2 protein chains.
Amino acid sequence: MAGNTSAPGASVTSRALALLGAFDERHRRLTLTQLAERAGLPLPTAHRLVGELVAWGALSRTDEGCYVVGRRLWDLGLLAPVQTGLRELASPYLHDLYGATLATVHLAVRDGTEVLYLDRLAGHTSVPVVSSVGSRLPLHATGVGKVLLAHAPAEVQRSVLAELPRLTAYTITQPGLLRRQLARVLREDHATTSEEMSLGACSIAVPIRRGPEVVAALGIVVPSLKDRARLAGALQVAARGIGRSLGTG
Amino acid sequence: MAGNTSAPGASVTSRALALLGAFDERHRRLTLTQLAERAGLPLPTAHRLVGELVAWGALSRTDEGCYVVGRRLWDLGLLAPVQTGLRELASPYLHDLYGATLATVHLAVRDGTEVLYLDRLAGHTSVPVVSSVGSRLPLHATGVGKVLLAHAPAEVQRSVLAELPRLTAYTITQPGLLRRQLARVLREDHATTSEEMSLGACSIAVPIRRGPEVVAALGIVVPSLKDRARLAGALQVAARGIGRSLGTG
DNA sequence: GCGAAGCTTCCGGTGAGTGGAAGAGTGGAC
DNA sequence: GTCCACTCTTCCACTCACCGGAAGCTTCGC
C-alpha cells in the first residue's frame, strides 16, 4: 500500500516523478524515509533525487525536517488548463450563491469514478467540510457526486455501485437504495446527502448543463436539509446561468 | 532569453525540470520545438523526456499538438503549503469586501522584488485585471505592490527603485516620485494606483499586519478612485480583521 | 508534386546514475 | 553519562540506461 513503487531499472525521470507522486491529500508532509518507502526507492537514491528537487523548488524542507510540495510546483500547477473556462465563468455565480445562502459552495466535475473539486467558496459556518480544491471524493457520498453519478455512463455507475465504502454511519452502502436515489435525482434534478460523507454535514447539489449534456455539478454544504426547496431553487438558477454562459462562451 | 538552459552533462532530473521550467505565465502552451529550445535541450532528448512527463501526467498534449501543464501537477501544486493559513483566514474577508464593493479583490505577499498574488475574487466588472492567483507583478505599479514595497527592507526598496520599467503611459518611473508616494503610503496607511499597471484599472490597497509586522496586502481593482475614502475604509477594516485572526490563529 | 518545417524513431558509445556500505547526527531510556 | 535505535548523509566503483546525431516520417503551404 506504499504508493507508487518504481521497479529497479526504471528511468531516472520516473524515479523523480515517483517521489513527487508520494505526496497526496493524506500525505502532505513526508520524511525522507517515508518518501523513499512510498516511492519504492533505496534511501540514498531518494536522498539525492530529493536534493535535486529541493534545489529546483519542486519540494521544500520544513524546519522539522519533513519535505513538502514546493512553491514552484504551486506556481506551475496553477498554469494547468483544468477547466479554466468553466471555473472562470462559474466564479461570479458561486459568489452569488454564497451571498444568498452563506453556505460553503462547490463546483465539481466527475473524474473517472471520483468527484474532482474545481472550486470552493468556504462559508463562515461551522459545518465540517472535507472537500477542498483539487481533492477527490467518492461519487456515492456527496451531493455533487450523486448528481454526476446519476448522469454518468452505465459502466461508471456499475463500477461505483459495485463497491460503496462506508464513510459514516449514514453512508448509503446498498446498491439498490442508491440506484433508486439516482433515479430520483434525474426526476427532481437535484441531489441531497445527510451526513453520508461526514457527520454534521448535509448537502444539496444540481447539475450544470452545456446544452443537453451534464458537464459539472454545483453544490452547497449545510447543517440541515430543512430549507431544501429554497436552496435547490437557488442552485438551479445559478446552474442554468453558468450553463448559458458555457453555451455562448 | 530562452528560459532555463541546461548545460550538457547536467543530471537527467535537471533536464526534466528544465522542461517544466519552460512554462510560465506568458508561455502556457508550447510546441515540442519551443520546449526544447527554452529548456536548452536537443530535440530528441526533449521528445523522450516530454513523453515520460506526459505519461505521468505532469504535462499533457492538446489537440493541436501543443504541450500544457497537466492535471496531475495541478493536483500536486495545490498541496503546497503556500501561506495556507493566511489564505484560509483571509477568505471570508475577501468575500465580505467583494460583497461591499463588487470589485475584484486581491490578497498578495511580497516575494523578493515582486508581488505574488495568493488569492483573488474576480468581480463582474469590465475593469481589466492582469493579476491572477500565482502570478507575479512588479512592486512599483500595483496597489498591493506599493504597500508591500513601502514596508519592505531598505535593500529591497533600493533594488526596486533602481529600475522602474514602464508598463503604461502612467507608470511611475521616477525614483523620487515613487519614494514620496511610499512615504505617503506609510503616513496614510493605504496605497493607490491610477492606470499604472494597465489602462482603465485603478487600485487601492492596505497592509495586513500580524502584530507590528506587515505580512501581506489586501487590494481591490476599480475603474476610478472617486470613491477612494470609503473603499480604503472598507479595506482597512477587513485587513485588521485578518490581522486579528492571524494573531490568535 | 515539391519543399520545408516539425515530429518521431533508431542505435552504439559512454559517463552519469545507482545503491551497498560506512559514517554522522539526533534523541530517548536508564 | 552511556548506550542503543533511528534517521539522515556521504562515498565510490561498476554498469547499464541515457544521449543525441542521423535518418525517416508526417503535415503543411504553395
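In what follows, chains are A, B, ... by sequence order, proteins preceding strands, each numbered from 1. Note: hydrogens, waters and symmetry copies are ignored here, and every other heavy atom, side chains too, is used. This is a predicted model, so every value here is computed, not measured.
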Visitor: Is any side-chain nitrogen or oxygen of B:H47 closer than 4.0 Å to OP1 or OP2 of C:dC7?
Guide: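 No.
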Visitor: Mind checking if B:P44 touches a base, just sugar-phosphate, or nothing, with heavy atoms under 4.0 Å?
Guide: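 If one applies the 4.0 Å heavy-atom cut-off, B:P44 turns out to touch a base.
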Visitor: In chain order, what residues pass the ring pair (Phe, Tyr, Trp, His ring centres under 6.0 Å) check against A:H140, with sequence neighbours excluded?
Guide: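 So A:H140 forms no ring pair (Phe, Tyr, Trp, His ring centres under 6.0 Å) with any residue.
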Visitor: Using whole Å, what does the distance between atom C1' of nucleotide C:dA5 and atom CD of B:Q34 come to?
Guide: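 Taking atom C1' of C:dA5 as the reference, CD of B:Q34 is at 13 Å.
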Visitor: Any Lys/Arg nitrogen of B:R166 or B:E196 sitting under 4.0 Å from an Asp/Glu carboxylate oxygen of the other?
Guide: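 Salt bridge between B:R166 and B:E196, a charged N being under 4.0 Å from a carboxylate O: no.
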Visitor: Is the B:H95 ring parallel, tilted or perpendicular to the A:H95 ring (thresholds 30°, 60°)?
Guide: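 The arrangement is tilted - the two ring planes meet at 30° to 60°.
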Visitor: Nearest to the side chain of B:L49, heavy atoms from C-beta on, is which of C:dC7, D:dC19, C:dG17?
Guide: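 Of C:dC7, D:dC19, C:dG17, D:dC19 is nearest to the side chain of B:L49.
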Visitor: If we only count heavy atoms from C-beta on, is the B:M197 to B:T171 side-chain gap below 4.5 Å?
Guide: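 Result no, sub-4.5 Å side-chain heavy-atom pair not found.
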Visitor: We want to know whether B:S159 and B:T113 form a side-chain donor-acceptor pair, criterion being a heavy-atom distance below 3.5 angstrom.
Guide: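 Their side chains do not contain a donor-acceptor pair, so the 3.5 Å distance test is not met.
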Visitor: Can you tell me which stems DNA chain D forms when a stem means 3 or more consecutive Watson-Crick or G-U pairs under 3.5 Å?
Guide: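 Ordered by first number, the stems with DNA chain D (at least 3 consecutive pairs each) read C:1-30 with D:1-30.
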Visitor: Of all the choices, D:dT9, C:dT18, D:dT7, which nucleotide is nearest to the side chain of A:R48 once you look at every atom?
Guide: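 It is C:dT18.
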Visitor: What pairs of residues pass the side chain to side chain donor-acceptor pair (under 3.5 Å) test when at least one of them lies in residues 39-49 of chain B, not counting sequence neighbours?
Guide: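 Counting only pairs at least two positions apart or across chains, no side chain to side chain donor-acceptor pair (under 3.5 Å) contact touches residues 39-49 of chain B.
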Visitor: Are B:T33 and C:dG6 close enough that a side-chain N or O sits under 4.0 Å from OP1 or OP2?
Guide: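 No, outside the criterion.
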